[in-house]
Amino acid sequence: MANLPIIQPDNPILRKRARKVTSFDAKFQTLIDDMLETLEKAPGVGLAAPQVAVPLRVFIARLPDDEEGKKEFGDNAGVLYVFANPEFVKTSKEMVEGIEGCLSIPGWVGTVERHEQVVIRGQDRFGKPIKIKAKGWLARVFQHEADHLDGRLYIDIAKEVWQPTEEDEEETALADQAKAE
Ligand code: CO
């Protein structure tokens, strides 16, 4: 396994429509393992192949399963999702705003409106068909990652983007602490 470099918007691969995954061979398995290691070492919840300069339609996602994560995400905390050739078969009319960041745009966050619920269909790392209904944060992560496969970044659709200061981060930490108490 290898920790892969994560590319930034100056690399055109991040802006291209990625190709369909057609072969779930050993090379593809290595890519998934490398993406898993890369995500594990990065401060993120999702990673799409174009972010590691591989223009294929696959992403991985995993919500944190620490104490806070378990409380927030319940059964979805810590579950590893691998989606090749994902497609949304249903999206809720209801939209929700949330603050997103991206491993390809370090130091920035933005407010993005997403569908509150989605049904997503695709294939797992071995090519087996999968279909999942997701809501809230998980649905948000799936939409963010699927956008990467079409060369779209959250900054393209964000209402507002900003660079959080250390003070903002302290405030978030305090808010989290208050929630935990
Ligand atoms: Co991203």
Side-chain angles (χ1 to χ4, degrees), residues 2-21 28 31-66 69 72-73 76-88 91 95-118 120-125 130 132 134-164 168-169 172:
N3 189 8
L4 304 169
I6 296 173
I7 63 170
Q8 302 198 4
D10 59 342
N11 187 323
I13 294 176
L14 208 54
R15 287 311 202 164
K16 271 200 234 158
R17 190 182 152 82
R19 289 191 316 266
K20 194 178 172 191
V21 179
F28 183 73
L31 168 68
I32 299 300
D33 286 338
D34 289 348
M35 285 173 67
L36 293 174
E37 184 178 336
T38 306
L39 182 61
E40 214 160 274
K41 292 191 172 144
V45 293
L47 184 70
Q51 292 184 275
V52 292
V54 177
L56 280 178
R57 303 189 75 76
V58 60
F59 70 73
I60 62 172
R62 188 175 176 272
L63 296 176
D65 63 351
D66 55 7
E72 195 89 17
F73 309 122
N76 295 323
V79 179
L80 175 69
Y81 298 95
V82 178
F83 265 99
N85 304 321
E87 248 179 276
F88 293 106
T91 51
M95 306 293 285
V96 277
E97 259 185 24
I99 297 174
E100 297 183 14
C102 180
L103 291 173
S104 290
I105 311 167
W108 291 82
V109 295
T111 314
V112 185
E113 208 173 52
R114 300 280 188 190
H115 299 285
E116 206 274 326
Q117 282 194 50
V118 298
I120 183 172
R121 177 171 72 188
Q123 287 162 282
D124 72 7
R125 64 181 294 172
I130 42 173
I132 290 176
K135 60 180 183 176
W137 264 102
L138 189 60
R140 174 174 299 278
V141 173
F142 288 166
Q143 290 167 82
H144 176 117
E145 298 308 326
D147 273 354
H148 274 300
L149 309 182
D150 292 327
R152 198 159 45 237
L153 301 174
Y154 83 86
I155 49 173
D156 302 340
I157 53 170
K159 286 190 170 167
E160 197 191 345
V161 292
W162 69 95
Q163 288 180 286
D168 290 342
E169 268 154 34
T172 314

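Counting convention: from 1, in listed order, for ligands and their atoms alike.
- With contacts defined as side-chain heavy-atom distances shorter than 4.5 Å, the pair V141/F59 does not qualify.
- Expressed to the nearest 0.5 Å, how far CG of L153 lies from CZ of R15 amounts to 4.0 Å.
- A 6.0 Å sphere centred on CD of E40 holds no more than 12 heavy atoms belonging to other residues, nucleotides or ligands.
- R17 is linked by a salt bridge (Lys or Arg N to Asp or Glu O under 4.0 Å) to D150, counting only residues two or more places apart in sequence or in another chain.
- Within the structure, the salt bridge (charged side-chain N to carboxylate O under 4.0 Å, His left out) test picks out the following pairs touching residues 134-144 (sequence neighbours left out): E100-R140.
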What pairs of donor and acceptor atoms, side-chain ones from residues 42-55 against any protein atom, are under 3.5 angstrom apart with sequence neighbours left out?
residue	atom	partner	partner atom	Å
Q51	OE1	A48	N	2.9
Q51	NE2	S104	OG	3.0

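- Annotation: protein N, O or S atoms under 2.8 Å of the Co ion (ligand 1) (waters excluded) comprise C102 SG, H144 NE2, H148 NE2.
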